Structure formats: structure tokens, C-alpha cells
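Atom set for the values below is all heavy atoms of this structure, side chains included, hydrogens, waters and symmetry mates excluded. Quick caveat: nothing in here was measured; it's all calculated off a predicted structure. Just follow the structure's listing: the first ligand is 1, and inside any ligand the first atom is 1.
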Amino acid sequence: MSKTVGTIWNEALEFIKDNVDEQCYETWFSTIKPIKIQGIVLTVQVPSKFFYEYLEENYISLLKAAITKSLGEGAKLVYSIVMENSYDNNIPPTMKLPSSGRRKHKPQSVNMPVAITNEKSIKNPFVIPGLQKLNIDSQLNPNYTFDNFIEGDCNRLARSAGLAVGKSPGGTSFNPLMLYGGVGLGKTHLAHSIGVEIKDNYPEKTVLYVSAEKFTQQFIDSIRNNSKNDFVHFYQMIDVLIIDDVQSFSGKEKTQDVFFEIFNHLHQNGKQIILTSDRAPVELQGMEQRLLSRFKWGLSADLQKPGLETRVAILGKKLYNDGIEVEQDIVEFIAYSINSNVRELEGALISILAQSSLNKKQITMELVKSMVDKFVKSTTREISIDFIQKVVCDYFDMPLELLKSKTRKREIVQARQLSMYFSKQLTKNSLASIGQQCGNKDHATVLHACRTVNNLKETDKRFKTYVDDLQKRLTLA
Ligand code: ADP
Ligand code: MG
């Protein structure tokens, strides 16, 4: 007498029960419904595509063994998937989403013999045919590593939080990790570094880097192609999701909704989320409140403009990586001159290197000055007081501390007065702020310094030479 479908499935379940722990059994197997048996082909119903994929990925051999035991060699398993608009109560608690959707009972047969790979699979918006989790290309740039990301006061918190996440994705309280800061300050680099680090430490984890814009585009495409569920399921399979420049979600409600759904799913399953934004979460306009509040669940860390030391270190590292030797003076000069952001700093370095190699010229201070001049002029440059002080100190060969000290020695007073004079001439700083940065003097002292320099350059020939030389060095004439 042939067995009923119920009996067959119960036998299979008995076997499965002996081989997995209780929670796993409850979550993944007790919800499967046997539908029919035809010869040695057993059809079962599963609640979602996600569910089916999960089973395929994690329990394929167990299922095969169970079915074979009950039906004999050559047994086949066919899944019938409940078409869903959204999730509902049939989903195990760990996967439950806040939305409560209707559900169409339109079973969709996926003819899927056990042990043969998916014949129908979720459409991967990254266009990799026949999706298999491990085949998802992480879209990471392998050159963006922690090793290449110079640490400084400007990025210490963000960098170390990133490292912690890299060591233990989903295992820290930094979830989501939100990196924010102005353009060219290293958000994208750092975000990739975390992904690269995770891939190194956990090759089996699925990491995905995507810009918020690309995500939006894929979402719109999925609506157009009627494959929104595939889109959502695809993203829900990711272990570490990195979304760059989330400020571009602003004002896009539908995209925010779908991201919210994905975010919740991933977060509830202990998956890591890393976001970047060009401004702090509180300053994100046009973003749904519920999404903003999610962003605040984890850690927001900002990236600031690097200080001089960090800029020197960044240039040094780039040169070292490229195997190029440049005198330290020159490196410092570039770092002094360009203080807007790291991208511009790199841009200047690249043009200098290109110039030198095209014209087969040595990288000399002269070449660098003329290049930096062009570069900086085209990007609205402002000479800083720091820079002026450095040039003056170099010129007189005296340490910066002396310039900023209270010493009344003549040469030092002179250098200090020259720094103040040029700061007034070449920067937009107020007298008070110049005084404050030149050894904590008041505005009257700065005014006095400017007058003295003007007088001396008329009356003292040697002094005039100082002024002219410094003027040249400072304005790169
Ligand atoms: P953002 O995404 O914040 O606009 P990017 O990550 O694209 O900035 O960084 C711009 C450039 O500066 C990249 O080439 C990056 O490698 C480099 N960069 C930024 N910060 C650092 C750093 N701390 N160390 C080394 N390179 C950096
Ligand atoms: Mg970026």
C-alpha cells in the first residue's frame, strides 16, 4: 500500500528532528506543509522565496537524506511557494517584519529536484545570472583598506569604530554604523575598508557595497519590471550592507519605505549595516522620522578635515605606495598649501606627479610651487596663518614655538611682526584672531606690528629684503 503524503512527510520530519536543534526545527521545518506525492516526487509548500532559498542553502543535504530515507533513491522534492505581497504570520518570528501584508494564495510551483541547483531564482539587481548567495560580487574596491587609511584626530572615532565592525560585523553596538562628513574626507574609503576587512575575516559572509543612488535606481527598475519582491529579498540576504551617501534618499519616500523594510529585516537578524552621509543624521532633510530614528540606533561618527600632520602623513603614504621619493620639504609644502580636503590634496599630488613624469622633470620645489599655485588658484585658495608662520619660521630658521612664545628678543619679535603683517595682508582673519594665533596677543599688538613692518620696509634695506623674499615664498610669485 503506498503511503500518504502526510505519512511520508512525517517520516522525513522525524529524521530531520534528530539532526537539527529544536529552534531550527521549529523555525525552518515545522512551517513546511506537505502538498502532494506523485510517485517519488514530493511537493511541499514553503512560506516565501526567501524561505526556500534559505533551506536550499543550508539544509539541502539534510532534506535530501530525509526524503531519500522515506521515498527511496531518486526521490525528488518540489517546492511550492506562497506568493506574497509582503510578509505575514507564517514567517518565523525572527524574520517578522513590521508591515502586515495581504497574501494571495496563488501557489507558484518551483520545480526543484533536490540537489540540483535552483532553476528559478530571485533576480539579482546586480545582474548575476542564477543567483547564488556566495556569488554576489561585493562591489568593493580592494585598494580602499584600513592600511591605506591614515589615522588622525579628524577620523579617530570613525576609523576605530569601523575597525571594530570589521572584526565583528553585527556583533557590536555600532549597528548601523553611520559615517558622516563633508566631501572628500574619506567616507567612501572608510566604508569600503570595513567591507574589505570583513571579507578578509569572514570570507563566507555576503558583503555588498552600493551607493544610495544605485540602490534607488535598482528599486525603480524593480517596480517597472514588477520584481519588487525579488529586489527586497535580494537585499535581505546580505550579511553586511554598505550604503554610501544616504542623503540622496532625501525626499524619495518610496525608496525610503523599501529601505526601511530591508533595514529592519537585516537589523533584526543581526546583520551589519553601514551608512555614509554628507551630513549628520539630525541635519538630513526630507528623511522619514522612523528612518532617522533607526540611524540613531547605532553609532554616528564624523569625519573632519585633516590637520596638517595628517595631511603630511596621507601624502607620505600615497607616495610610498607609488614608490616615489619626494623631499620632505616639498611634501610639507603641498600639505600646507592645500587644506580643503583629502581629495583635493590627492588631486594636487597627482597633477604634480603627472607633470614631472610627462616632462621628465625632477620633482623640485619650483615645479611644485607653480603646480600648487595653479591648482589652488583654480580651487579658491586661502593662505592660512599656520602656513604663514611656517614659511616665516623656515625663512629665519627658528622653531615655531619661539615665534609663539613671549620672548622679546629682537629677531623673534621681528619674525612675529612679519607673521602678523602677512596674516593681515593675505588672510581674511581679524586683527584679534591673528593676534590670538600669533602667541596670544591682542588686536592692538597686531596693528602695531603692521605699522612697524610698513615703516621698516621703507627705511631698512635689509628688512625690505626679508619682506620681499617672504612675499615671494608666500604668494609663489
Ligand atoms: P568622501 O566619500 O568622503 O567624499 P572619499 O572616501 O572618496 O571621500 O575620499 C577621497 C579621497 O581621499 C580618496 O581617494 C581616499 O582614498 C582619500 N582619503 C580620504 N581620507 C583618507 C585618509 N585618512 N587616509 C588616506 N586617504 C584618504
Ligand atoms: Mg564618497
Please list, in number order, the atoms of ligand 1 under 4.0 Å from a heavy atom of [X].
X: Lys187; result: 1 (P), 2 (O), 3 (O), 4 (O), 6 (O), 8 (O)
X: Val183; result: 4 (O)
X: Asn155; result: 23 (N)
X: Tyr144; result: 13 (C), 14 (O), 16 (O)

- Nearest heavy-atom neighbours spanning Ala161 and Leu177: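 That closest heavy-atom pairing would be CB-CD1, 4.0 Å.
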
- Between Ser384 and Asn339, which heavy-atom pair has the shortest distance, and what is it? CB-ND2, 4.1 Å

- Item | Ile385 and Thr427: CA distance, side-chain angles, deciding distance, side-chain contact (heavy atoms from CB on, under 4.5 Å) verdict | CA-CA 7 Å; Ile385 295 181; Thr427 77; 4.3 Å; yes

- Message: Using 30° and 60° as the class boundaries, would you call the ring planes of Phe263 and His267 parallel, tilted or perpendicular?
- Response: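 Parallel.
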
- Query: Parallel, tilted or perpendicular: which describes the rings of Phe215 and Phe259, with under 30° parallel and over 60° perpendicular?
  - Reply: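 Ring orientation, 0 to 90° scale: perpendicular.
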
- Any Gly181 heavy atom less than 4.0 Å from ligand 1: no

- Under a heavy-atom criterion of less than 4.0 Å, does Gly182 contact ligand 1? yes

Among [options], whose heavy atom sits nearest [atom]?
atom: atom 7 (O) of ligand 1; options: Arg343, Glu346, His189; value: Arg343
atom: atom 22 (C) of ligand 1; options: Ile150, Leu345, Leu303, Asn143; value: Ile150
atom: atom 8 (O) of ligand 1; options: Gly186, Gly152, Pro306; value: Gly186

Side-chain donor-acceptor contact under 3.5 Å, [X] with [Y]:
X: Glu151; Y: Asn155; answer: no
X: Asp469; Y: Gln471; answer: no
X: Lys457; Y: Tyr421; answer: yes
X: Gln218; Y: Tyr235; answer: yes

- With only distance considered, is Val342 within less than 3.5 Å of ligand 1 through an N or O on each side?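 Among all N and O atoms of Val342, none is under 3.5 Å from an N or O of ligand 1.
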
- If you measure every N/O of Phe149 against every N/O of ligand 1, is any gap under 3.5 Å? no

- Query: Applying a 4.0 Å heavy-atom criterion (strictly less than), which segment of Asn148 is in contact with ligand 1: side chain, backbone, both, or neither?
  - Reply: backbone

- Task: Answer side chain, backbone, both or neither: which part of Lys318 comes under 4.0 Å from ligand 1, heavy atoms only.
- Result: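 Contact part for Lys318 vs ligand 1: side chain (C-beta onward).
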
- Are Asp442 and Thr445 close enough, and set up right, to give a side-chain hydrogen bond (donor to acceptor under 3.5 Å, both in side chains), and what steps lead you there? CA-CA 6 Å; Asp442 63 14; Thr445 310; 2.7 Å; yes

- Message: Tell me the protein heavy atom at minimum distance from atom 4 (O) of ligand 1, and give that distance in Å.
- Response: Gly184 N, 2.7 Å

- How close does the nearest protein non-hydrogen atom get to atom 2 (O) of ligand 1, and which residue and atom is it?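 I find the closest protein heavy atom is Thr188 OG1, 2.8 Å.
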
- From Thr276, does some N, O or S atom reach closer than 2.8 Å to the Mg ion (ligand 2)? no

